[in-house]
Amino acid sequence: MKIAYHKNFNKAFLKLPAKQQDTIKKPIAVFLNNPYDPQLKNHALHGDQKNKRVIAAGGDLRIVFEEQNNYKVVMFYRVGTHSQVY
């Protein structure tokens with residue numbers, strides 16, 4: 001699996017406190033090993049974001065992404081709290 005990071009993801013990630021940045025690294029490692037690991041709560045979004053999915057990234061943090069070719073390529077679009085990414 002190849003993960004690409006959208007500029008909006010990078011921008012939001014850098015705005016997070018250092019502790020939250022560290023918190024996000026573990027779920028990303030789990031995601032690389034198994035994108036459907038139950039602790040990630042990987043699920044599809046609806047409405048205007050129907051082509052995107054989201055995973056839990058620790059506490060109230062979420063990562064919004066889009067997968068292609070059965071998870072061969074994944075683009076992380078946004079990161080932040082539940083209310084920030086929805």
Side-chain angles (χ1 to χ4, degrees):
M1 174 189 316
K2 178 184 175 193
I3 295 180
Y5 297 91
H6 192 274
K7 65 181 180 179
N8 292 341
F9 178 94
N10 291 330
K11 193 174 181 182
F13 181 81
L14 292 173
K15 288 182 180 179
L16 294 172
K19 187 174 181 180
Q20 286 183 330
Q21 289 179 3
D22 289 340
T23 300
I24 289 171
K25 291 176 184 176
K26 183 181 179 197
I28 290 175
V30 171
F31 182 83
L32 281 167
N33 187 44
N34 177 9
Y36 288 106
D37 189 298
Q39 71 183 353
L40 298 175
K41 301 176 185 169
N42 184 342
H43 63 278
L45 295 176
H46 303 283
D48 61 340
Q49 298 186 65
K50 68 180 179 177
N51 294 327
K52 294 186 174 56
R53 301 185 66 83
V54 69
I55 58 170
D60 192 33
L61 295 172
R62 303 289 183 267
I63 296 174
V64 176
F65 69 95
E66 189 173 295
E67 63 88 16
Q68 298 174 353
N69 299 328
N70 199 27
Y71 285 89
K72 290 186 191 237
V73 178
V74 174
M75 172 68 80
F76 283 176
Y77 281 99
R78 289 188 305 281
V79 62
T81 63
H82 186 274
S83 61
Q84 289 172 329
V85 299
Y86 291 115

query = Taking only residues two or more places apart in sequence or in another chain, which ones pass salt bridge (charged side-chain N to carboxylate O under 4.0 Å, His left out) with Lys25?
reply =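 Expected list: Asp22.
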
Let me check something: any side-chain donor-acceptor pairs from residues 50-62 under 3.5 Å, sequence neighbours excluded? List them with distances.
residue: Arg53; atom: NE; partner: Asn42; partner atom: OD1; Å: 2.8
residue: Arg53; atom: NE; partner: Tyr71; partner atom: OH; Å: 3.2
residue: Arg53; atom: NH2; partner: Asn42; partner atom: OD1; Å: 3.1
residue: Arg62; atom: NH1; partner: Gly59; partner atom: O; Å: 3.2

message = Could you work out, with ring-ring contact (aromatic ring centres under 6.0 Å, His included) as the rule, every residue matching Phe9, not counting sequence neighbours?
response =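 Phe9 satisfies ring-ring contact (aromatic ring centres under 6.0 Å, His included) with Tyr5, Phe76 once adjacent residues are dropped.
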
ask   = Is there a side-chain contact between Pro35 and Leu40, using heavy atoms and a 4.5 Å cut-off?
value =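 Answer no - side chains too far apart.
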
task = Taking the side chain as every heavy atom from C-beta outward, state whether Thr23 and Leu16 have any atom pair closer than 4.5 Å.
result =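 No, too far: nothing below the 4.5 Å cut-off.
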
message = Per the salt bridge (charged side-chain N to carboxylate O under 4.0 Å, His left out) rule, what does the pair list look like for residues 7-19, sequence neighbours excluded?
response =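 Found none.
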
request  = Could you list all the salt bridge (charged side-chain N to carboxylate O under 4.0 Å, His left out) pairs where at least one residue sits in residues 67-86, not counting sequence neighbours?
outcome  =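 Qualifying pairs: none.
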
message = Quick check on His46: does its NE2 atom have over 12 non-hydrogen neighbours (other residues, nucleotides or ligands) under 6.0 Å away?
response =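 It does not: His46 NE2 has 12 such atoms or fewer within range.
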
Phe13 versus Val79, closest heavy-atom pair with distance =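 Heavy-atom minimum between the residues: N-CG1, 3.7 Å.
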
key: Atom pair CD1/CD1 of Ile63 and Ile24 - distance to nearest 0.5 Å   =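 Going from CD1 on Ile63 over to CD1 on Ile24, the span is 5.5 Å.
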
task = Indicate, with yes or no, if Met75 and Val64 share a hydrophobic cluster defined by side-chain heavy-atom contacts under 4.5 Å among Ile, Leu, Val, Met, Phe, Trp and Tyr.
result =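 Cluster IDs for Val64 and Met75 differ.
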
ask   = Which hydrophobic side chains are connected to Val73, either touching it within the sub-4.5 Å cutoff or through other members that do?
value =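 Val73 clusters with nothing; isolated.
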
request  = Could I get the full list of side-chain hydrogen bond (donor to acceptor under 3.5 Å, both in side chains) partners for Gln84, not counting sequence neighbours?
outcome  =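 Only Thr81 meet the side-chain hydrogen bond (donor to acceptor under 3.5 Å, both in side chains) criterion with Gln84.
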
